Amino acid sequence: MKVAVLIDGGHLRVQARMANHRYDPDFIEKVAHTCVEEKETLLRVLYYDCPPFNGEVKLPVSGETTTFKGSDKWLRELAAKDLFAVRRGVLKFRGYKPKKIPVVGKELTDDDFAPDFEQKGVDMRIGLDMANFAADRTVDRIILVTGDTDCVPAMKNCRIRGLQVILAALPGHTAAQELLWHSDIHRTVNWPSQPDAAKATPASSVPAPRKLTWQRAK
C-alpha cells in the first residue's frame, strides 16, 4: 500500500520542543519514517513550513529599530534528503503581543512584549497537495501530521475520492475532534530515539526568528 506523509512543520516543531527534542532535518526525517508502518510503501514526504523572518521593525515601546535575522539552510538540507520535498509558506510579522496578561502595575518596556508572527500559505499548500493526490490516485493513503482543523475540507475531499486519511498523533498531543471525525485511522506514533547528548541540548539548529539584534533608531 503506497502512502505519502504530509507534515505541518509548525505543529511538529511545537510538539517536539515541548518534549525537549532537538529539532533539525535529521530529526524531521526520522519522524516521517516513524509514521510509516511495515506494510506501507513510502512514495514521498512533503514538509510544510516557513523560512525565518528577515527584516527591520520598530520596537513597541522605545521605537528603536530591531533586526530579525535567520537562515533557511536547514530547509535546504531537508529538501535534499531522499524522498523529501519542502513546501514553503511565508512568515509575516504581525506586531507585538504582551508576554503576560493583564499588563498592569508597572511602566512597560520592550521586554514586556514578544514579536507576533503568522504563517501564510502553509494550509493552502497542504490542501492543494492533498487534492492532487486525490485526483491522480498516486497513493492509497495520506498520513497527515497536523493539529490544524483548516485541513478538514481537504481531508473530506480525499475520503470522498477513495483515499484513506491517517491522522498521525504525536506523544502527548490530543487531536481536535474535527480531525478525528474526518480521518479514517488515528495512528499514534512514538518519538524517534535520539542520542542523550542531543536531548540534553534543547536548542534547535533551526534558527528562531525571535533572536534580536538591537540598533538605535536614526
Side-chain angles (χ1 to χ4, degrees), residues 6-25 27-28 31 46-79 86-130 144-154 170 172-179 201-218:
L6 280 60
I7 300 177
D8 180 343
H11 171 70
L12 177 58
R13 180 166 48 252
V14 169
Q15 299 303 313
R17 288 179 174 171
M18 287 176 60
N20 201 33
H21 287 287
R22 183 179 179 86
Y23 198 75
D24 58 22
F27 176 78
I28 297 168
V31 170
L46 301 179
Y47 179 83
Y48 306 82
D49 212 336
C50 300
F53 175 80
N54 286 274
E56 294 185 352
V57 298
K58 297 291 185 180
L59 291 167
V61 178
S62 68
E64 293 181 350
T65 300
T66 184
T67 302
F68 290 83
K69 294 182 179 180
S71 171
D72 66 348
K73 180 181 177 182
W74 67 279
L75 280 174
R76 287 184 275 115
E77 290 177 355
L78 185 63
V86 172
R87 303 286 195 259
R88 297 188 180 209
V90 178
L91 198 63
K92 295 287 188 179
F93 176 73
R94 297 305 191 196
Y96 295 89
K97 56 186 178 183
K99 293 179 180 178
K100 294 182 180 180
I101 297 175
V103 184
V104 294
K106 67 173 184 177
E107 184 178 351
L108 296 177
T109 68
D110 293 323
D111 290 336
D112 293 312
F113 297 87
D116 187 17
F117 297 98
E118 181 184 6
Q119 288 190 341
K120 299 295 291 183
V122 170
D123 295 338
M124 177 188 69
R125 286 166 173 79
I126 294 175
L128 284 173
D129 282 331
M130 293 180 71
L144 189 59
V145 182
T146 189
D148 195 340
T149 56
D150 286 345
C151 293
V152 165
L170 301 168
H173 178 258
T174 301
Q177 286 294 317
E178 293 91 334
L179 294 174
T201 309
S204 172
S205 64
V206 176
R210 295 183 181 182
K211 294 181 179 178
L212 311 181
T213 301
W214 298 89
Q215 298 178 347
R216 288 287 179 183
K218 297 181 180 179

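Side chains included, hydrogens not; waters and symmetry mates left out as well; all remaining heavy atoms used. All of these numbers come straight from a predicted model, not from anything done at the bench.
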Under 3.5 Å, is there a donor-acceptor pair between the side chain of [X] and the main chain of [Y]?
{"X": "N54", "Y": "P52", "answer": "yes"}
{"X": "D116", "Y": "K97", "answer": "no"}
{"X": "R17", "Y": "R13", "answer": "no"}
{"X": "D123", "Y": "D150", "answer": "no"}
{"X": "R87", "Y": "I126", "answer": "no"}

Can you find a pair of side-chain heavy atoms, one from [X] and one from [Y], that are under 4.5 Å apart?
{"X": "V122", "Y": "D49", "value": "no"}
{"X": "L12", "Y": "L170", "value": "yes"}
{"X": "F113", "Y": "L59", "value": "no"}
{"X": "R88", "Y": "V86", "value": "yes"}
{"X": "H173", "Y": "H11", "value": "yes"}
{"X": "D112", "Y": "T109", "value": "yes"}
{"X": "W74", "Y": "D24", "value": "no"}
{"X": "Y23", "Y": "V14", "value": "no"}

Least distance between heavy atoms, [X] atom then [Y] atom:
{"X": "T149", "Y": "A176", "answer": "CG2-CB, 3.8 Å"}
{"X": "P115", "Y": "F93", "answer": "CB-CE1, 3.9 Å"}
{"X": "C50", "Y": "Q119", "answer": "SG-CG, 3.6 Å"}
{"X": "P51", "Y": "G89", "answer": "CD-O, 3.5 Å"}

> Below 4.0 angstrom, N of the basic side chain to O of the carboxylate: do K92 and E118 qualify?
Replying inline: no
>> Determine whether V145 and L6 satisfy the following criterion, side-chain contact (heavy atoms from CB on, under 4.5 Å), listing intermediate values before the conclusion.
In response: CA-CA 6 Å; V145 182; L6 280 60; over 6 Å; no
> For the residue pair F117 and F68, does the interplanar ring angle fall in the parallel (under 30°), tilted (30 to 60°) or perpendicular (over 60°) class?
Replying inline: perpendicular
> Which class fits the ring pair H21 and F27: parallel under 30°, tilted 30 to 60°, perpendicular over 60°?
Replying inline: parallel
>> If we count only N and O atoms by modelled type, under 3.5 Å, do the side chains of Y48 and D129 hold a donor and an acceptor together?
In response: yes
Working to the nearest 0.5 angstrom, can you tell me the gap between [X] [atom1] and [Y] [atom2]?
{"X": "D110", "Y": "E64", "atom1": "CG", "atom2": "CD", "result": "7.0 Å"}
{"X": "L179", "Y": "L144", "atom1": "CG", "atom2": "CG", "result": "7.5 Å"}
{"X": "T66", "Y": "E56", "atom1": "OG1", "atom2": "CD", "result": "8.5 Å"}

> Which is it for D8 and D148 under the side-chain contact (heavy atoms from CB on, under 4.5 Å) test, yes or no, and what are the steps along the way?
Replying inline: CA-CA 8 Å; D8 180 343; D148 195 340; 4.2 Å; yes
> So does K99 have more than 12 non-hydrogen atoms from other groups sitting under 6.0 Å from NZ?
Replying inline: yes
> For V57 and Y96, what are the C-alpha separation, side-chain angles and deciding distance, and is it a side-chain contact (heavy atoms from CB on, under 4.5 Å)?
Replying inline: CA-CA 10 Å; V57 298; Y96 295 89; 3.4 Å; yes
